[in-house]
Chemist: 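My structure is below; once you've seen it, I'll send some questions.
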Amino acid sequence: MIQFSHVSKTYDNQFEALNDIDLFIDKAEFVLLTGESGAGKTTLLKHIYMEEIPSVGQVFVCGYESKYVRRKDIPRLRRKLGIVFQDFRLLYDRNVFENVAFAMRVTGVRERIVKRKVWEVLAHTGLSHKSSFLPSQLSGGEQQRVCIARAIINSPLVLLADEPTGNLDTAVSLEIFSLLQEINSWGTTVVVATHDDHLIKRYHYRQLVLHGGVLVKGGNQSIKPKTWKEPQWSL
Ligand SMILES: Nc1ncnc2c1ncn2[C@@H]1O[C@H](COP(=O)(O)OP(=O)(O)O)[C@@H](O)[C@H]1O
Ligand SMILES: [Mg+2]
């Protein structure tokens, strides 16, 4: 599903953010990407959604290969992925419903289907009663739920979440995490970048540990779920 082969990334200012990364993440896995601030977690996620292309090596994601991917293929790749950004990137002048609907409308789906699906996803993420609220009228945990709702609206094969519990207290973090676990239980591959020690210790998921751009643990050992099926999107 996701593979990195000898990936190094040197940014334009000559800073090497990733150094010779090899990793494999299987379908329906749940992995934690950990490491200190500045270790390269966000950079690694950006390579999965091909916002960044390696300076050396190759990234393979859902049948796309970084070496040969064309700019016009990238939106099609992103449609297979759900991305929860560290800085939310919500549309602050639109309400919750519109934020989630927008992500589906851009795929050209008929409005009737968009409406039905948005209501389903909002119910699932516990946001039905906040559908007409603007992001600024929500708590941090609720804003994060909107980001997750928007990320799953197109039934992705892979969900990437960058520090999804970043500014949340422990109880709310656990709620967000159980939502991610539920999404994983439908067969979606989930990759969570976090430096939240509390969560890392609490859940015994496979850890990919980055340190100064080097993957110091977890790269090639993929834990295959016992029974893997195509994602069973109930939404
Ligand atoms: N566009 C960029 N240009 C130059 N250096 C960058 C860029 N983006 C990130 N970096 C550097 O790469 C390192 C890793 O950053 P990042 O991937 O954001 O780490 P993390 O998400 O683990 O905190 C940091 O030292 C950061 O300053
Ligand atoms: Mg980061």
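Just so it is clear, the values below take in all heavy atoms, side chains as well, and ignore hydrogens, waters and symmetry mates. All ligand and atom numbering here is 1-based and tracks the order in the structure.
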Chemist: Does atom CG of D12 have more than 12 heavy-atom neighbours from other groups under 6.0 Å away?
Modeler: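 No, not enclosed.
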Chemist: Going from NZ on K46 to CD1 on I48, what distance comes out if it is rounded to the nearest 0.5 angstrom?
Modeler: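 That separation rounds to 13.0 Å.
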Chemist: Ion pair present between R71 and D73, side-chain N to carboxylate O less than 4.0 angstrom?
Modeler: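 Looking at R71 and D73, the cut-off is not met.
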Chemist: In Å, rounded to the nearest 0.5 Å, how long is the span from OH of Y49 to CD1 of I2?
Modeler: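 Result: 13.0 Å between the selected atoms.
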Chemist: Heavy-atom cut-off of under 4.0 Å around ligand 1: list whichever protein residues fall inside it, by chain and number.
Modeler: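 Its neighbours under 4.0 Å (heavy atoms only) are Y11, N13, F15, A17, E36, S37, G38, A39, G40, K41, T42, T43, given by chain and number.
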Chemist: Check whether more than 12 heavy atoms from other residues, nucleotides or ligands sit under 6.0 Å from atom OH of Y92, and answer yes or no.
Modeler: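 More than 12 heavy atoms, drawn from other residues, nucleotides or ligands, come within 6.0 Å of this atom.
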Chemist: Between K9 and E52, is the closest basic N to carboxylate O distance under 4.0 Å?
Modeler: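 Looking at K9 together with E52, the answer is yes, because their closest N to O distance falls below 4.0 Å.
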Chemist: For the atom pair CG (L91) and CZ (F102), what is the distance rounded to the nearest 0.5 Å?
Modeler: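 So the CG of L91 and the CZ of F102 are separated by 6.0 Å.
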Chemist: Inside 2.8 Å of the Mg ion (ligand 2) but strictly below it, how many protein N/O/S atoms are present?
Modeler: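 Every protein N, O or S atom under 2.8 Å from the Mg ion (ligand 2) counted, the figure is 1.
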Chemist: The test is side chain to side chain donor-acceptor pair (under 3.5 Å); show your working for S8 and D20 and say whether it passes.
Modeler: CA-CA 5 Å; S8 295; D20 201 23; 5.1 Å; no
Chemist: Atom NE2 of residue position H198 - does it have more than 12 heavy atoms of other residues, nucleotides or ligands inside 6.0 Å?
Modeler: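 More than 12 within 6.0 Å, yes.
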